[in-house]
Amino acid sequence: MSPLDLSVEELAKVLDLANDIEKNPEKYAHKCDGKILATLFYEPSTRTRLSFESAMMRLGGKVLGFSSANSSSAAKGESVADTVRTVSCYADICAMRHPKEGAPLVASMASEIPVINAGDGGHQHPTQTLTDLLTIRSLKGRLDNITIGLCGDLKFGRTVHSLIEALVRYEGVKFVLISPEELRIPDYIREDVLKASGHEFIEVERLEEAMPSLDLLYMTRVQRERFFNEEDYVRMKDFYILDKAKMALAREDMLVLHPLPRVNEISVEVDADPRAAYFKQVQYGVYVRMALILSLLGLGVDLC
Amino acid sequence: MSPLDLSVEELAKVLDLANDIEKNPEKYAHKCDGKILATLFYEPSTRTRLSFESAMMRLGGKVLGFSSANSSSAAKGESVADTVRTVSCYADICAMRHPKEGAPLVASMASEIPVINAGDGGHQHPTQTLTDLLTIRSLKGRLDNITIGLCGDLKFGRTVHSLIEALVRYEGVKFVLISPEELRIPDYIREDVLKASGHEFIEVERLEEAMPSLDLLYMTRVQRERFFNEEDYVRMKDFYILDKAKMALAREDMLVLHPLPRVNEISVEVDADPRAAYFKQVQYGVYVRMALILSLLGLGVDLC
Amino acid sequence: MSPLDLSVEELAKVLDLANDIEKNPEKYAHKCDGKILATLFYEPSTRTRLSFESAMMRLGGKVLGFSSANSSSAAKGESVADTVRTVSCYADICAMRHPKEGAPLVASMASEIPVINAGDGGHQHPTQTLTDLLTIRSLKGRLDNITIGLCGDLKFGRTVHSLIEALVRYEGVKFVLISPEELRIPDYIREDVLKASGHEFIEVERLEEAMPSLDLLYMTRVQRERFFNEEDYVRMKDFYILDKAKMALAREDMLVLHPLPRVNEISVEVDADPRAAYFKQVQYGVYVRMALILSLLGLGVDLC
């Protein structure tokens with residue numbers, strides 16, 4: 001349901017498993033032979049859905065499901081709880097995406113099979129956070145003692161909030177929060193998560209001034225649908241565009257992450273830079289979902 | 001095409017096969033290796049589609065298809081016969097759902113592979129009826145000598161009509177038809193099926209008065225789309241809601257079935273009652289579809 | 001990207017492989033075990049999508065993807081290049097259908113996995129052309145020294161243009177172009193392809209007069225969406241309908257091909273004629289896609 005459902009120790013084991021899958025894919029190619037994953041997507045999210053489907057197929061399993069609400073029984077007035085109890089008869093595990101916060105939690109309580117939250121409204125998107133953590137740990141070698149810049153829409157950015165909540169569990173993490181005034185991090189993250197945990201953090205308005213100090217830069221998309229009017233969107237969306245000039249200010253081993261899809265907040269000229277890690281991140285997303293599916297089916301890490 | 005396409009003897013063998021699959025799933029896990037099922041759904045029906053897909057996957061087979069008409073070649077003016085002849089080159093068996101009565105029959109005549117009717121308009125939904133029969137026989141031990149209550153929308157309820165037509169082939173079945181005046185069973189069922197077969201039946205208006213005599217209660221959804229105006233729907237939809245109080249009037253071994261999805265005609269407080277069999281019914285739906293697919297591919301019961 | 005990307009020699013080898021698959025399907029049933037095909041269909045084309053999916057499944061592989069643009073990340077403003085780089089992490093090969101000419105080419109340059117053009121606007125549909133060539137060669141025994149009639153919408157018919165471009169590479173091919181004045185072959189095909197190659201061709205208005213001379217008749221659909229007004233469509237669509245009477249004018253070994261779906265340009269009474277080869281063509285479409293997938297994955301013909 002949430003990345004925090006895993007203890008730091010459990011999480012370390014899941015990430016270890018994901019790295020072992022990366023190194024020895026053939027060892028895992030038949031672990032889920034005969035198993036079925038149901039992808040229940042009440043709102044479209046091709047990227048997340050295909051990542052789950054690829055993960056299950058790479059484990060030897062099969063996939064069924066639906067990719068939008070209008071092709072589901074929800075249109076006939078069925079509750080999420082009933083749908084998931086029904087799907088429990090069709091599959092061994094399911095991944096649910098829902099526009100309503102908490103829907104996957106309700107589902108998991110009714111379900112007789114494991115339910116993975118594949119995103120619920122503005123609330124959680126735990127497998128994205130696991131992906132981010134795996135990418136950072138794999139490419140930097142650690143999750144502690146890093147300086148991470150988070151740039152863009154920090155007000156509505158669900159992935160940013162989740163990543164902060166996940167990283168404050170590690171020592172020596174410094175946060176550089178880069179956003180326009182209007183899209184600053186919400187109070188409950190600033191006060192209850194960052195200040196409460198005692199981690200160092202600063203808020204800045206210009207990406208350039210943050211660049212030199214960063215080990216990692218986490219860029220996010222300015223989502224058109226989060227804005228109340230088109231004018232605000234147009235004015236702000238190009239504020240924080242990462243290009244070659246800004247990359248020249250960064251350390252040689254700084255990494256750029258992005259949950260994707262991007263629109264234009266990272267210029268395509270940055271793609272060829274070896275520090276651009278956002279497509280590797282997609283690949284890590286498959287490995288971590290493989291590790292999670294295995295563990296929830298009792299074939300990987302022992303989770304409570 | 002219709003549940004009556006199977007003789008009572010053939011049907012018994014298909015249900016036997018389904019029960020054997022239930023007991024020994026691993027024996028059947030590779031029977032359809034290398035085989036492909038096409039799901040041709042000209043109108044959405046997630047539940048039925050996923051049940052077929054799960055059935056094929058549990059047999060080791062693969063699945064392709066479409067889940068609504070606008071994503072099919074029908075939009076380009078192609079006939080159902082041409083579509084199914086084409087699909088004959090892609091798959092080994094197909095399941096077709098179509099809003100038009102008789103479309104699957106037309107398809108089966110043009111097809112070079114077996115075609116299963118997965119529901120055609122208000123006409124037939126044979127695999128639902130096979131599911132109902134398997135559930136009854138598995139949980140009650142017999143299909144004859146039972147008193148079955150059928151409750152709700154008996155006028156438009158396709159599954160109810162099919163179930164009655166299937167059950168009159170067995171001896172000693174008594175029917176208790178529970179519905180508001182406006183939604184009584186149609187004449188052709190009352191006269192040509194029930195009276196013609198000589199089976200005992202009564203029609204009542206109140207669910208409470210029927211409860212004590214029943215071995216089985218088959219609940220159905222009051223489908224909003226069947227009503228001519230919203231007012232009628234609102235007035236009648238809550239008439240026949242099964243709750244704990246009504247369950248207290250029933251025998252200890254009475255079973256509750258429902259083709260699902262339900263809206264509110266069965267209160268969720270009934271779900272925990274051991275007599276609630278509607279989620280088990282979903283599971284039986286997978287087993288009976290597995291038995292049917294096997295048989296139509298020449299790997300199960302010998303059907304003419 | 002285009003059927004002309006293969007040299008005549010490479011093409012011959014791909015068609016040989018397709019014929020070997022036809023004769024020995026079991027030899028290829030596990031060649032793609034553990035491999036994943038992504039079907040990225042930015043516009044619906046059930047027939048083409050299912051043909052690719054069947055091809056991959058018949059090779060033992062698995063399939064994921066989307067069947068229309070609104071269920072893809074494109075709706076969030078993502079570029080085709082980014083989508084395909086992401087999908088490179090989920091699959092081993094992909095087939096892309098796109099309404100915009102050149103989109104699959106752009107994708108193939110960004111991709112780390114092979115990209116097959118499954119149709120891009122009015123531009124190319126190379127696997128249809130490979131299908132046509134395989135059908136002709138398999139059923140006539142050769143691609144050279146044939147007289148082929150092309151009938152219907154020769155102005156907008158993408159498959160006709162591609163087939164002509166592919167056939168002028170063989171000796172002794174004569175073209176009979178049968179269409180109403182308004183839908184004649186475009187100048188660039190007449191001048192740059194037919195005349196430039198030195199092949200014999202004639203243009204006629206009546207299907208009847210062409211029939212006796214043909215080894216092959218390639219019929220095409222008059223697509224409603226290509227017309228500017230409904231009136232023109234209604235007036236012309238029934239001009240060139242193939243029926244039993246016209247078939248009586250043809251040679252005994254003439255073959256009828258059609259890329260399908262048909263509306264009414266071939267009367268259903270022709271279906272039973274042994275010279276009707278359009279459903280066999282569908283089957284050859286699966287074999288040639290199997291050969292292409294194998295070759296692009298390095299498991300079949302060596303392609304540069």
Side-chain angles (χ1 to χ4, degrees), chain B residues 30-44 46 49 53 56-57 59-98 106-107 109-113 115 293 297, chain C residues 25-26 28-30 33 37 39 41 43-71 131 221-225 233 237 258-266 268 271-272 276 278-287 289:
Chain B
H30 294 284
K31 288 273 184 189
C32 288
D33 277 6
K35 302 283 185 192
I36 298 175
L37 166 73
T39 49
L40 310 181
F41 276 57
Y42 288 86
E43 64 177 4
T46 308
R49 180 173 60 83
E53 297 189 5
M56 189 55 166
M57 291 175 179
L59 292 167
K62 293 177 179 184
V63 179
L64 49 75
F66 51 86
S67 57
S68 68
N70 61 357
S71 63
S72 85
S73 296
K76 296 182 185 165
E78 186 176 61
S79 71
V80 165
D82 274 20
T83 299
V84 86
R85 265 194 85 167
T86 300
V87 170
S88 297
C89 301
Y90 303 151
D92 302 290
I93 185 167
C94 88
M96 178 180 288
R97 176 90 166 204
H98 205 286
V106 169
M109 293 185 304
S111 179
E112 293 174 23
I113 59 174
V115 176
I293 290 170
L297 286 173
Chain C
E26 70 294 335
Y28 297 90
H30 294 285
D33 276 6
L37 165 73
T39 48
F41 276 58
E43 63 177 5
S45 176
T46 309
R47 179 177 304 277
T48 304
R49 182 173 60 83
L50 296 186
S51 183
F52 272 108
E53 297 189 5
S54 181
M56 189 55 166
M57 290 176 180
R58 295 291 189 207
L59 292 167
K62 293 178 179 181
V63 179
L64 50 76
F66 51 86
S67 57
S68 67
N70 60 357
S71 64
T131 299
R221 184 160 63 95
V222 178
Q223 293 186 59
R224 185 189 294 257
E225 59 266 35
Y233 170 74
K237 80 184 166 74
H258 190 299
L260 302 185
R262 70 168 156 187
V263 182
N264 61 352
E265 61 278 9
I266 300 179
V268 292
D271 294 2
Y278 30 93
F279 288 114
K280 284 179 202 150
Q281 204 176 344
V282 177
Q283 187 66 66
Y284 284 118
V286 178
Y287 297 137
R289 286 181 179 95

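- The closest side-chain heavy-atom distance from Val63(C) to Leu64(B) is not below 4.5 Å.
- Closest approach of Val286(C) to Cys89(B), counting heavy atoms only: CG2-O, 3.8 Å.
- Asp82(B) has its side chain out of reach of Pro261(C): every pair of non-hydrogen atoms, C-beta onward, lies at least 4.5 Å apart.
- Using a distance-only test at 3.5 Å, with no hydrogens or angles considered, a donor-acceptor pair links the side chain of Tyr90(B) to the main chain of Arg47(C).
- Interface remark: of the candidates Glu26(C), Gln283(C), His30(C), Gln281(C), Gln283(C) forms the most heavy-atom pairs closer than 4.5 Å to chain B.
- Atom CZ of Arg58(C) sits about 4.0 Å away from atom CG of Asp92(B), to the nearest 0.5 Å.
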- Message: Between Glu53(C) and Ile36(B), is the side-chain contact (heavy atoms from CB on, under 4.5 Å) condition met? List the steps.
- Response: CA-CA 10 Å; Glu53(C) 297 189 5; Ile36(B) 298 175; over 6 Å; no
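- Residue Ala81(B): no heavy atom, backbone or side chain, is found under 4.5 Å from chain C.
- Distance check: Thr83(B) OG1 to Leu50(C) CG gives 10.0 Å after rounding to the nearest 0.5 Å.
- A donor-acceptor contact shorter than 3.5 Å links the side chain of Lys62(B) to the backbone of Gly61(C).
- Judged by distance alone, the side chain of Arg49(C) and the main-chain N or O of Gly65(B) form a donor-acceptor pair under 3.5 Å.
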